[in-house]
Amino acid sequence: MPDLNQSSLSEIVKLIKTKKISSLEVTNHFIKNIKKGKKLNSFITTCFDESLKKAKYFDTKGNIDGLLPGVPLAVKDLFCTKGIKTTAGSKILENFIPTYESTVTNNLWKEGAILLGKLNCDEFAMGSSNETSYFGKTINPIAKDLVPGGSSGGSASALAANFTPATIGTDTGGSIRQPASFTGTVGLKPTYGLCSRWGIVAFASSLDQAGPMTKNVEDCALLLEAMSGYDQNDSTSINKKKESYSKNLSTNIKGLKIGIPKEYRVENMPKEIENLWGKGIDILKKSGAKIVDITLPHTKYALPTYYIVAPAEASSNLARYDGVKYGYRSKKGKNLIEMYENTRGEGFGDEVKRRILIGTYVLSSGYYDAYYLKAQKVRKLIKNDFDKCFRNIDAILTPSTPSSAFKVGEKTNDPISMYLNDIFTVPVNLAGIPAISIPAGHDNQGRPLGLQVISKALEEQKILNIAFSMEKDISFKQSFKRWWE
Ligand code: GLN
């Protein structure tokens with residue numbers, strides 16, 4: 001039997017298709033790994049009995065022709081799964097069992113995948129370290145004392161630790177790319193509207209996007225192909241033909257023009273990240289790409305803009321959690337209003353409350369123009385910067401994050417320093433364009449570092465190809481022991 005801990009998603013697909021291994025064997029392998037991995041706290045819910053039943057069924061009667069035939073997968077606990085608890089990392093949804101399936105997860109099951117369980121995440125996907133989850137923090141497999149990033153921290157941790165051959169996350173301001181960078185994995189935030197938001201617990205609807213998190217670029221292309229597609233249930237879904245990203249993958253990037261934005265050279269950026277960026281530039285040059293200096297002058301406003309737009313939308317989206325329609329209800333209170341207040345006071349964690357307060361404030365009459373409206377205008381300027389650059393270049397190369405994985409507890413008392421970790425990822429969400437993070441090296445403490453490739457809307461194939469080409473030259477290797485077993 002091949003060593004499944006060394007196998008990529010694409011390899012597992014091939015092994016199952018050629019009957020070298022059964023879905024049941026693969027499923028059992030990952031269940032065994034998950035059971036030994038409690039210390040990482042990457043799962044909120046597991047559904048092993050169901051997974052095994054489905055794997056057995058697949059081996060006798062399953063359709064081998066799907067993109068993910070009989071492949072067990074765990075997903076972020078922000079995707080609604082019919083009949084299976086979906087918490088969004090919050091006490092307020094602790095016992096919420098959806099009666100419907102999200103379009104994206106449904107797309108995976110249609111391609112033959114099997115659900116292993118639901119992965120930990122920051123509460124309502126608000127965070128950069130997976131420390132705001134009501135179900136406890138997730139640990140980075142790289143080392144006991146490191147966060148895996150967030151908000152898709154459970155996804156990144158489970159993937160790096162081989163509890164699932166691939167996974168999906170959501171990215172509102174960096175939540176796929178930053179944890180991918182912190183764990184030495186690949187993460188892609190698609191163009192806004194490429195993957196349906198239907199059935200994903202909403203955080204900030206004009207920014208939220210689901211995307212793949214995988215061990216390599218080939219897997220990333222395959223999973224994006226499986227999960228994306230038009231959905232009439234999402235009014236912002238793009239109606240276009242499905243693409244075969246994995247079939248069209250190519251390392252030929254000769255002649256492509258890659259922009260290097262000077263504004264991403266931020267103050268106090270560690271030398272190692274600067275060097276890593278330089279290494280990425282050299283690799284691209286060697287592959288025949290042309291490097292061009294570019295400017296994205298409004299970059300410095302991206303973070304403050306995001307931290308107005310995202311909380312504003314969150315405060316509106318989270319109004320539905322009132323103890324009546326969903327999940328948790330407080331037993332305290334003499335009347336309906338008090339019941340609402342106590343439910344929300346007891347059900348939400350501190351970071352979520354902070355966002356609701358900010359969001360309500362920036363939307364309130366008298367402040368709306370000064371904050372929310374202004375932020376929307378600046379958002380347009382940020383998008384214009386990208387549009388202008390993409391008239392002359394094919395893609396942009398930047399670091400994924402301004403630091404490697406930080407220590408558990410290091411930033412929990414300082415929200416601003418936590419927010420600053422999103423500095424390189426947030427502009428992409430504001431512009432609605434796609435970006436991929438690939439592992440590109442380690443810092444001097446052995447922690448992984450990622451590089452980000454950005455393109456204009458709907459050019460996922462281009463950034464996948466650039467990443468595919470770079471991956472070959474970087475030949476990144478994970479360098480940790482399975483200390484948690
Ligand atoms: N870290 C950012 C935030 O806390 C982004 C989160 C995300 O992309 N879901 O809002």
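Whatever order the structure lists them in is the order used to number ligands and atoms, beginning at 1.
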Visitor: Judged by modelled atom types alone, do Gln452 and Ser437 share a side-chain donor-acceptor pair under 3.5 Å?
Guide: no
Visitor: Hey, is OH on Tyr371 packed in by over 12 heavy atoms from elsewhere, all under 6.0 Å?
Guide: no
Visitor: Taking any residue with a non-hydrogen atom under 4.0 angstrom from an atom of ligand 1, which ones do you get?
Guide: Ala125, Met126, Gly127, Ser128, Ser151, Asp171, Thr172, Gly173, Gly174, Ser175, Phe203, Tyr306, Tyr307, Arg355, Asp422
Visitor: Salt-bridge test for Lys462 and Glu459: reply yes if a basic N is under 4.0 Å from a carboxylate O, no otherwise.
Guide: yes
Visitor: Please identify each residue that fulfils side-chain hydrogen bond (donor to acceptor under 3.5 Å, both in side chains) with Asp385, with sequence neighbours left out.
Guide: His298
Visitor: Are Arg197 and Asp208 close enough for a salt bridge, meaning some N to O gap below 4.0 Å?
Guide: no
Visitor: Charged N to carboxylate O under 4.0 angstrom, Asp171 versus Arg177?
Guide: yes
